[in-house]
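Whatever order the structure lists ligands and atoms in, that order sets their numbers, starting from 1. The figures that follow rest on heavy atoms only: side chains count, while hydrogens, waters and symmetry mates do not.
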Amino acid sequence: MKLGRLAAEAGLSGAENVAATVTGFAIDHRKVAPGTVFGAFRGTRVNGEDFIPAAIEAGAIAVVARPDVVVTGASHIADPEPRRAFARLAARFFVPVPETVVAVTGTNGKTSTVEMTRQLWRMAGHRAASIGTLGVTTPDESVSTGLTTPDIVTFLANMSGLAREGVTHVAYEASSHGLDQFRNEGLAVAAGAFTNLSRDHLDYHAGMDEYFAAKMRLFDEVVQDGGAAVVWADDAWSDKACEHARKRGLRLLTVGERGGTLRLLARTPGLLGQSLEIDYEGAKRTIALPLIGAYQAANALVAAGLVLATGGQPSATFDGLSRLQPVRGRLERAAIARSGAPVYVDYAHTADALEAAIAALRPHVRGRLIVVFGAGGDRDQGKRPEMGAVAARDADVVIVTDDNPRGEDPAAIRKAVLAGAGPQALEIGDRRAAIASAVGQAGEGDIVLVAGKGHEQGQIVGTGDDMRILPFDDVTVARECAAPNGGTGE
Ligand SMILES: CC(=O)N[C@H]1[C@@H](OP(=O)(O)OP(=O)(O)OC[C@H]2O[C@@H](n3ccc(=O)[nH]c3=O)[C@H](O)[C@@H]2O)O[C@H](CO)[C@@H](O)[C@@H]1O[C@H](C)C(=O)N[C@@H](C)C(=O)N[C@H](CCC(=O)O)C(=O)O
Ligand SMILES: Nc1ncnc2c1ncn2[C@@H]1O[C@H](COP(=O)(O)OP(=O)(O)OP(=O)(O)O)[C@@H](O)[C@H]1O
Ligand SMILES: N[C@H](CCC[C@H](N)C(=O)O)C(=O)O
Ligand SMILES: [Mg+2]
């Protein structure tokens with residue numbers, strides 16, 4: 001593809017060597033090959049503009065960068081928002097893309113919702129995939145990308161790769177970092193969903209309003225003109241999200257107890273699932289959802305909203321809800337302790353999520369609810385005491401442990417969590433020992449909740465060149481601790 005044509009199609013000027021053939025796109029100079037278009041962005045760690053000469057040396061034929069940056073030896077495609085311009089250009093190159101693309105944003109529930117959307121589409125006979133924290137998931141496999149919203153080149157390359165494999169429907173997670181950094185742009189997004197907003201990532205965003213604004217780029221800009229917005233209606237930020245959708249002129253579908261399109265009338269927890277009574281456009285239905293917890297019901301209904309918003313057939317969609325498979329690491333029943341107490345693994349890593357996960361299990365507890373969790377290092381520090389406080393308020397036994405300390409001192413992270421949890425909480429830094437303690441002390445009628453790592457396969461310790469990922473899987477460890485020898489290996 002010629003540079004001139006790509007630039008013209010993207011509405012960008014500045015490409016001097018219009019006849020040059022573009023071979024690829026890169027945002028890291030180390031990935032530049034002859035014929036590459038290089039995106040030079042100022043980052044949180046380093047300034048990508050410093051690598052422009054090296055990128056050109058490696059064969060870059062064009063550089064997308066801010067107007068006042070000096071580029072010699074390649075076309076300078078200048079734009080005050082180079083990340084967005086780069087995305088638009090790259091999107092012309094990575095074609096074809098799947099016909100129907102939807103995106104989910106919100107603090108919690110993105111992974112669950114995209115995965116459920118993928119499942120519902122698949123049940124309706126489509127070749128569907130999802131992209132998010134669990135990686136790129138197709139009917140055949142799941143491949144990790146390392147981030148919830150991959151970088152723009154990986155994202156677009158995956159999209160066109162999926163389309164070439166015959167995938168027609170894709171649901172992806174739009175994290176606030178991803179939205180803020182234009183990591184998912186340039187292709188037609190038929191519908192966007194908003195699940196909820198609560199404290200997280202305030203190490204990156206200046207405050208809750210800025211965090212919300214980053215998420216609302218989905219409705220303000222990313223969803224295509226005339227597209228749809230699906231909003232979970234029962235969150236404190238829902239009305240504001242609806243305002244953004246209306247202002248943009250999107251078709252608005254609201255879902256939840258306060259939902260106008262898909263109203264949740266009643267929810268009755270059962271042993272291994274729950275019954276949902278809903279009203280969709282005036283018709284009442286009862287759905288036997290094979291998943292527990294109000295939060296999973298919310299995500300399932302938002303997923304149904306996305307499917308309906310993109311032309312799904314109502315009866316088939318609602319029937320599909322009763323056949324949903326569990327999402328990996330989200331209230332996953334990992335083991336049964338020797339006392340008979342079930343051990344659940346969940347990905348709750350915010351105060352709001354911990355509250356939701358504990359609430360999901362509470363109706364099933366006859367004795368005590370024992371929770372094991374920690375907080376990640378090099379992430380929002382303010383959420384730590386809030387997580388501690390929620391656990392102390394809602395659980396009966398609280399064990400504070402480590403969760404991906406990264407570049408921080410794990411003891412200091414635990415201390416911050418414990419400051420909110422209060423003196424009753426136990427501190428067991430070693431995560432295996434903490435899980436073993438919880439499982440060991442769980443009696444009949446108790447439930448153990450191991451929160452924070454969900455599907456993760458390792459404990460991240462150290463940072464930069466010292467970073468190591470020590471293999472660790474909460475589900476496996478829970479099983480080992482519940483085994484007859486109590487995980488001691490003796
Ligand atoms: C804070 C953050 O979001 N960082 C992400 C961001 O990096 P950045 O743009 O700040 O990059 P930088 O490292 O300062 O470098 C600036 C530029 O120079 C380039 N560079 C850099 C070095 C070099 O030798 N050559 C070179 O060209 C880089 O490619 C980059 O374009 O863009 C990179 C590429 O897209 C990401 O890998 C990186 O993720 C880091 C590793 C990370 O930990 N991100 C987390 C916080 C994150 O993004 N999480 C979200 C949210 C999860 C959730 O929902 O809870 C996610 O979507 O996963
Ligand atoms: N709708 C919801 N409301 C409140 N809490 C939720 C909701 N959905 C999920 N959670 C909680 O958040 C955890 C993470 O869920 P999920 O992975 O679906 O969210 P996510 O938004 O993808 O998270 P991440 O930001 O890490 O990508 C769950 O394990 C659960 O504890
Ligand atoms: N996407 C989230 C995942 C957090 C998971 C938790 N285990 C942690 O490390 O804090 C983040 O990067 O903030
Ligand atoms: Mg996710």
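Within a 6.0 Å sphere centred on CZ of R122, other residues, nucleotides and ligands contribute 12 heavy atoms or fewer.
Remark: of the listed residues F182, F155, F41, F41 is the sole one forming a ring pair (Phe, Tyr, Trp, His ring centres under 6.0 Å) with F86. Applying the side chain to side chain donor-acceptor pair (under 3.5 Å) test between T133 and each of T111, T145, T149 identifies T111 as the sole match.
For atom 20 (P) of ligand 2, the closest non-hydrogen atom on the protein side is K110 N, 3.4 Å. Here the protein heavy atom with the shortest distance to atom 2 (C) of ligand 3 is H349 NE2, 3.9 Å. Protein heavy atom in closest approach to atom 13 (O) of ligand 3: R379 NE, 2.9 Å. If you check which protein heavy atom lies closest to atom 4 (C) of ligand 2, you get A356 CB, 3.7 Å. In this structure, atom 3 (C) of ligand 3 lies nearest to the protein heavy atom Y347 OH, 3.2 Å. The closest protein non-hydrogen atom to atom 1 (N) of ligand 2 is N299 OD1, 2.9 Å. For atom 3 (N) of ligand 2, the closest non-hydrogen atom on the protein side is N196 ND2, 3.4 Å. Residue, atom and distance of the protein heavy atom nearest to atom 5 (C) of ligand 3 are E456 OE2, 3.4 Å. Of all protein heavy atoms, the one closest to atom 31 (O) of ligand 2 is D346 OD2, 2.5 Å. Distance from atom 10 (O) of ligand 3 to its nearest protein heavy atom, with residue and atom name: G376 CA, 3.3 Å. The closest protein non-hydrogen atom to atom 6 (C) of ligand 3 is G452 O, 3.5 Å.
Between D200 and R379 there is no salt bridge, since none of the side-chain N atoms of the basic residue sits less than 4.0 Å from a carboxylate O of the acidic one. Here E332 pairs with R328 in a salt bridge; the nearest charged N to carboxylate O distance falls below 4.0 Å. Here E277 does not pair with R267 in a salt bridge; the nearest charged N to carboxylate O distance is not below 4.0 Å. Between R258 and D239, at least one side-chain N (NZ, or NE/NH1/NH2) sits under 4.0 Å from a carboxylate O, which counts as a salt bridge.
Ring centroids of F219 and F194 are separated by 6.0 Å or more, keeping the two rings apart. Here the two rings, on Y211 and H205, have centers that are under 6.0 Å apart.
No part of Q296 comes within 4.0 Å of ligand 2, judged by heavy-atom distances.
For the pair N404 and ligand 3, the shortest N or O to N or O distance falls below 3.5 Å. Between H201 and ligand 2, not a single N/O pair is under 3.5 Å apart. Inclusion of S112 in the set of residues having an N or O under 3.5 Å from an N or O of ligand 2 is warranted. Distances between N or O atoms of A375 and those of ligand 3 include no value under 3.5 Å.
Residue contacts with ligand 2 do not include D200, since none of its heavy atoms lies under 4.0 Å from the ligand. No heavy atom of E355 sits closer than 4.0 Å to any atom of ligand 2. Heavy atoms of T195 stay at 4.0 angstrom or farther from ligand 2.
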Derivation of the side chain to side chain donor-acceptor pair (under 3.5 Å) call for Y344 and D474: CA-CA 9 Å; Y344 284 86; D474 278 353; over 6 Å; no
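Among D474, D403, T148, the residue whose heavy atom lies nearest to atom 8 (C) of ligand 3 is D403.
Listed by atom number, the atoms of ligand 2 under 4.0 Å from E173 heavy atoms are 22 (O), 27 (O). Atoms of ligand 2 found under 4.0 Å from any heavy atom of T133, numbered from 1 in the order shown, are 27 (O).
Rounded to 10°, the angle that OE1 of E173 and OG1 of T111 form at the Mg ion (ligand 4) is 90°.
Among the atoms of T133, an N, O or S atom is found under 2.8 Å from the Mg ion (ligand 4). Because the distance cut-off is set at 2.8 Å, S175 fails to qualify as a neighbour of the Mg ion (ligand 4), as none of its N, O or S atoms comes that close.
A donor-acceptor contact under 3.5 angstrom links the side chains of K453 and N404, judged on distance only.
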